[in-house]
Novice: 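Before I ask anything, let me first share the structure, which is written out below as structure tokens.
Just so you know, these numbers use all the heavy atoms, side chains as well, and skip hydrogens, waters and symmetry mates. Since this is a predicted model, take the numbers as computed values, not measurements. Throughout, a chain's letter reflects where its sequence line sits, starting with A, and its residues are numbered from 1.
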Amino acid sequence: MENDILIQTKDLVKIYPMGSQDLVALEKVNLTFKKGEFAALVGPSGSGKTTLLNIIGSLDTPTRGSAIVMGLEVEKLSHKKSAELRNKHIGFIFQTFNLLPVYTVYENVEFPLLLSDVPASERKQRVMQALEWVKLADRHRSKPNQLSGGQSQRVAVARAIVKMPSIVLADEPTANLDAENSHNVMQIMEGLNKELGMTFIFSTHDEKVVQYMRRIISLDDGRVAKDEFVKSVKKRV
Amino acid sequence: MIKFLIKGLLRDRSKSLFPVLTVTAGVTLVVFAICWVGGVQTNMMSASAHFRTGHVKIMTRAYAEQSDLLPVDLALVGTDSLLGHLKASYPGMIWTQRILFAGLLDVPDESGETREQGTVAGIAISVLDPGSPEHKFLEMEKSIVRGRMPQKSYDCLISETFAQKLKVNPGDEVTLIGSTMFGAMSMTNFTVAGTVRFGISALDRGALIADITDVQTALDMDNGASEILGFFTDDIYHREKAVDLAEQFNIKNTDPDGEFSPVMLALEQQEGLAGMLDMVGMMSSVIITIFIVVMSIVLWNAGLMGNIRRYGEIGVRLAMGEAKGHLYRSLLLEAFAIGIFGSLIGTVLGLIVSFYLQYHGIDITSFLKDSTIMLPDVMRARVTSSAYFIGFLPGVCATFLGAAISGIGVYKRQTSQLFKELEV
């Protein structure tokens with residue numbers, strides 16, 4: 001199913017110059033992500049999780065090798081083209097939500113659609129649909145400071161999926177949430193993955209996140225130490 | 001997208017209200033400073049022109065050299081024909097003749113003996129002619145404190161301060177003791193028709209104003225005058241025109257060897273006013289430049305601070321896939337809107353303050369007690385056409401520049417660091 005491949009890295013190397021020495025963040029990483037995957041990059045700090053997420057999200061470029069995302073070689077994209085790739089195909093979810101505080105929930109979710117020049121009537125429909133998915137349609141007029149941490153992260157999820165991207169990248173999405181909210185957010189993302197077929201890639205240390213994953217990629221010193229497909233999901237709390 | 005940006009601006013006071021207030025305050029100050037400095041300059045020139053120098057002045061060469069001494073013996077003669085010639089040759093000007101003289105004013109008691117005496121600086125002008133331009137130049141009707149305007153021969157006005165000092169009231173008889181054009185002693189009785197206050201300390205201390213015909217008779221100056229003053233019809237001093245006019249007149253009419261031949265001097269060629277005009281002009285340019293530069297730095301800094309504060313928002317927008325160029329342009333657009341809005345309010349406020357001070361002015365009498373400089377007691381601002389747009393220079397340009405420079409950070413920002421930066 002070649003057509004199902006959304007992301008492919010080939011001998012991916014990322015080196016950061018650190019004074020007189022070089023820091024090898026990624027060393028010959030070869031990975032392929034297909035449509036609809038629900039995967040986590042796990043590993044200790046400095047293992048290369050965020051670097052790999054950066055390159056897949058076209059926020060960074062590899063030093064050597066290549067990363068092909070949605071058929072485009074990330075290292076060859078101009079700033080404008082990589083912004084276009086992010087806007088059309090990639091949604092981001094951050095650890096600290098990063099909602100724009102002066103805008104309402106509705107407007108925060110609407111923002112990515114404004115960048116794509118989606119017509120107003122279609123925008124409204126898609127924003128409300130995204131808020132329905134995260135069960136926050138009734139809070140669309142609220143401001144971020146009126147929401148709990150879990151609700152804020154759900155708004156961030158709605159913002160990431162509203163443009164129906166093929167890939168959603170989430171960096172430690174539950175790090176600032178308690179256990180109950182972490183499960184709520186993960187269940188919503190799992191549901192979206194199944195219902196909409198979006199590929200979710202997480203970077204995490206959190207066991208609560210890992211237990212939802214169908215694929216777990218362990219990184220160690222920039223290398224893929226283990227790439228495991230989970231057949232049956234563990235029983236959750 | 002523009003609607004989205006406007007919403008953000010309106011809701012976030014630190015993005016809109018505070019920058020707008022900063023721009024407004026800066027622009028108000030710039031507009032007011034320009035009107036005030038311009039007003040002071042105009043006040044000084046106008047007072048000097050109306051009371052002493054005219055926009056141009058004709059005297060004899062000898063009189064011009066000693067004009068501080070008010071030497072009536074060196075006055076112009078045959079002024080009727082000279083005035084006729086001037087009016088015919090320079091129809092775009094208003095011409096009027098004056099005699100300036102010094103003397104002693106004697107106030108008699110009921111028995112005719114001296115009760116009070118004081119030195120007087122006299123000005124003889126065409127005061128009985130209702131069509132005389134002097135009424136407008138000296139604002140005589142407005143300046144009357146007690147009594148009335150002179151209505152008949154040998155009526156005079158004296159300054160209110162001087163009248164109080166000599167204990168003279170309207171209707172009293174006074175005697176002017178002076179010397180004629182030919183050096184003889186002259187004594188002439190005048191009736192005090194009223195008292196005046198011109199608002200110029202140097203004049204209000206001891207001035208006597210009488211009709212020029214009476215003073216010509218008193219000082220034996222038939223068809224003579226100390227000086228002929230010329231004014232541009234719009235009553236504004238045009239520096240280059242005046243100097244050019246004086247040059248042309250002197251080429252045609254001045255005999256370098258004749259000490260009684262007429263010579264024309266422009267305002268700035270008299271009493272060291274050129275230096276003063278240059279100094280005031282330079283000072284006003286320096287003040288305005290400093291003001292604009294300082295305000296530009298303040299506003300630029302405000303723009304910088306604004307964008308630094310929005311680091312998180314900019315990061316999110318980049319991550320969402322907004323192109324750097326689009327983001328940069330939106331920051332500039334916001335800065336432009338804030339600059340325009342703040343400049344508009346600032347200009348209106350600056351003009352309101354300036355218009356108020358143009359009509360009401362600030363009384364500086366207490367600073368001019370012993371001054372001999374020809375300065376009005378009330379300094380007024382002057383609203384010029386430049387005041388309507390000059391504030392936009394620091395208001396819009398500096399805000400825009402601040403945002404433009406701080407916004408370059410958008411391009412320098414490593415998008416690869418966004419995950420780290422946004423997880424603080």
Novice: Take atom CG of A:Asp178 as the centre, draw a 6.0 Å sphere, and report whether it contains more than 12 heavy atoms from other residues, nucleotides or ligands.
Specialist: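 Counting other residues, nucleotides and ligands, CG of A:Asp178 exceeds 12 neighbours.
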Novice: At under 4.5 Å between heavy atoms, what parts of residues 140-156 of chain A are in contact with chain B? List them by residue number.
Specialist: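 Hits under 4.5 Å: A:Lys143.
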Novice: Might you confirm whether atom NZ of A:Lys208 has over 12 heavy atoms from other residues, nucleotides or ligands at distances under 6.0 Å?
Specialist: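 Above 12, so yes.
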Novice: Less than 4.5 Å to any heavy atom of chain B: does that hold for the side chain of A:Lys88, its backbone, both, or neither?
Specialist: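 Looking at A:Lys88, nothing touches chain B.
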Novice: Should the heavy atoms of other residues, nucleotides or ligands under 6.0 Å from OH of B:Tyr356 be counted, would the total exceed 12?
Specialist: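 No - once you tally the heavy atoms of other residues, nucleotides and ligands closer than 6.0 Å, there are 12 at most.
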Novice: With a sphere of 6.0 Å drawn around CD of A:Glu122, does it hold more than 12 non-hydrogen atoms of other residues, nucleotides or ligands?
Specialist: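 Yes, because the 6.0 Å sphere around CD of A:Glu122 holds more than 12 heavy atoms from other groups.
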Novice: So for A:Ser78, is it side chain, backbone, both, or neither that comes closer than 4.5 Å to the heavy atoms of chain B?
Specialist: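 Contact with chain B is absent: no heavy atom of A:Ser78 under 4.5 Å.
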Novice: To the nearest 0.5 Å, tell me how far A:Lys80 NZ sits from B:Lys324 NZ.
Specialist: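 A:Lys80 atom NZ to B:Lys324 atom NZ measures 14.0 Å (nearest 0.5 Å).
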Novice: Is it the case that over 12 heavy atoms from other parts of the model lie below 6.0 angstrom from the CZ atom of A:Phe111?
Specialist: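 Count over threshold, so yes.
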Novice: Could you tell me which portion of B:Ile2 (side chain, backbone, both or neither) has an atom closer than 4.5 angstrom to a non-hydrogen atom of chain A?
Specialist: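 Neither part.
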Novice: Identify the heavy atoms of A:Phe92 and B:Met320 that sit nearest to each other, and give their distance.
Specialist: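 Scanning both residues completely, I find the closest heavy atoms to be O-CE, 4.3 Å.
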Novice: Could you grab the distance from atom NZ of B:Lys3 to atom CG of A:Leu114, nearest 0.5 Å is fine?
Specialist: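 One gets 10.0 Å once the value is rounded to the nearest 0.5 Å.
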Novice: Using modelled atom types and a 3.5 Å cut-off, is there a donor and acceptor pairing between side-chain atoms of A:Tyr103 and backbone atoms of B:Lys7?
Specialist: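 Checked: no pair found.
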Novice: Considering only heavy atoms from C-beta outward, does the side chain of B:Leu318 approach that of A:His79 to under 4.5 Å?
Specialist: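 No - every pair of side-chain heavy atoms lies 4.5 Å or more apart.
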Novice: Considering all heavy atoms of both residues, which atom of A:Ala83 and which atom of B:Ala323 are nearest to each other, and what is their separation?
Specialist: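 Looks like CB-CA, 3.8 Å.
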Novice: Work out which heavy atom in B:Arg11 is nearest to a heavy atom in A:Thr104; give both atom names and the distance.
Specialist: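 It is NH1-N, 3.9 Å.
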